[in-house]
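Structure first, commentary second.
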There are 2 protein chains.
Amino acid sequence: MRRDIFQAIADPTRRAIIGLIALQAMTPNALAEHFDTSRQAVSKHIKILTECELIKQEQKGREIYYRLELEKMKEIDIWLEQFRKMWETRFNQLDEVLSIMKEQKQ
Amino acid sequence: MRRDIFQAIADPTRRAIIGLIALQAMTPNALAEHFDTSRQAVSKHIKILTECELIKQEQKGREIYYRLELEKMKEIDIWLEQFRKMWETRFNQLDEVLSIMKEQKQ
DNA sequence: TATAAGTGCAATTATTCGGTTGCGCAAATA
DNA sequence: TATTTGCGCAACCGAATAATTGCACTTATA
């Protein structure tokens, strides 16, 4: 059973859950209302998100509020960093080409 | 058959392939040498990456060089943007708290 | 106290995934 | 021309995935 953040965000429903609780903590029932699926299915997604520590829970009586662990989201950003560097470099190179062209025009 | 960029990067082998061809275009055989798996298995990953337009091919004789479509990687960055905003806001809030504490010290 | 509401967990099922093996085809090479 | 090399594709297989259904447990409410 692989359980990393990239596998976690692979599912569109889980990405939607992440997007929702990023704005405010929510209960499984409240979440399920947003999707065309059962509460139990949402619970399963929550379990997966919990297992890779993307979300944390806060019990309030019989309700459980889940909130996003923003810090964990940075892990994706860290992986992306290497590629961001590349496309920024390319942008700078293009920038350079454009300025050379401009010089040649003058 | 779901085929989006998030499902594509869910697999660790595919992320490794992306990382490799980001540096230089490579053939399936060359890629397979980096993994403990068959060329055909790599070919399957390549197919998936191609289907969501994360990579492009360049035929050279009987060899096919695959290169990363950097632009497509930005789609992940775009999705991440909303969360990056949040953690930057939090950071700024923390920053503010710290400066207030500093003022109170003085 | 009896009932309803909110939740997690286990069993089941259809589908997808990642891998292997075995082709066939085109290009390079002997 | 015969053989080797590089490749994609199809068939098959075991494991993982996402969903449903049914249940048990705890907390709120009538």
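Chain letters run A, B, ... following the sequence lines, proteins first, then strands; residues in each count from 1.
Between the CG atom of A:D4 and the P atom of D:dT17 there is a distance of 10 Å, rounded to whole Å. A:D11 places its CG atom 9 Å from the C1' atom of D:dT17, with the value rounded to the nearest Å. The separation between B:E58 atom CD and D:dG6 atom C1' is 17 Å, rounded to whole Å. Between the CD atom of B:Q59 and the P atom of C:dA27 there is a distance of 8 Å, rounded to whole Å. Between B:L31 atom CG and C:dG19 atom P there is a gap of 13 Å when expressed in whole angstrom units. In this structure, the NE2 atom of A:H45 is 15 Å from the C1' atom of C:dG8, given to the nearest Å. Taking atom NZ on A:K47 and atom C1' on D:dA19, their separation rounds to 15 Å, with Å as the unit. At whole-Å resolution of the value, CD in B:Q57 and C1' in C:dA26 are 15 Å apart.
Contact check, A:T37 against D:dA18: no side-chain N or O comes under 4.0 Å of OP1 or OP2. Regarding contacts with the backbone of C:dC17, a side-chain N or O of B:R3 is found under 4.0 angstrom from either OP1 or OP2.
Looking at residues two or more places apart in sequence or on another chain, you find a side-chain contact (heavy atoms from CB on, under 4.5 Å) between B:E81 and B:R84, B:K85.
Heavy-atom distances to DNA chain C give each of B:D36 and A:I46 a nearest nucleotide, and the one nearer the 5′ end belongs to A:I46.
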Base contacts versus sugar-phosphate-only contacts with protein, heavy atoms under 4.0 Å: please encode nucleotides 1-7 of chain C as B, S and - from 5' to 3'. ---BBSB

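Residue A:I64 holds its CD1 atom at 8.5 Å from CD1 of A:I46, rounded to the nearest 0.5 Å. Expressed to the nearest 0.5 Å, how far CD1 of A:I55 lies from CG of A:L49 amounts to 4.5 Å. Atoms CG and OG1, from B:L31 and B:T37 in turn, are 11.5 Å apart once rounded to the nearest 0.5 Å.
At least one donor-acceptor pair under 3.5 Å links the side chain of B:R15 to the backbone N or O of B:A10.
The listed nucleotides are D:dT17, D:dT20, C:dC17; the one nearest the side chain of A:A41 is D:dT20. Closest contact between the side chain of B:Q7 and the listed nucleotides C:dG19, C:dC17, D:dA18 involves C:dC17.
Scanning all heavy atoms of the two residues, the minimum distance from A:R39 to A:A32 falls at CA-CB, 3.8 Å. Closest heavy-atom contact between A:A22 and B:F83: CB-CE2, 3.7 Å.
Exactly one residue among A:M73, A:E75, A:K74 makes a side-chain contact (heavy atoms from CB on, under 4.5 Å) with A:E71. That residue is A:K74. When each of B:H45, B:E51, B:K44 is checked for a side-chain contact (heavy atoms from CB on, under 4.5 Å) with B:K47, only B:E51 meets the rule.
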N/O to N/O distances under 3.5 Å, protein versus nucleotides 12-15 of chain D:
none

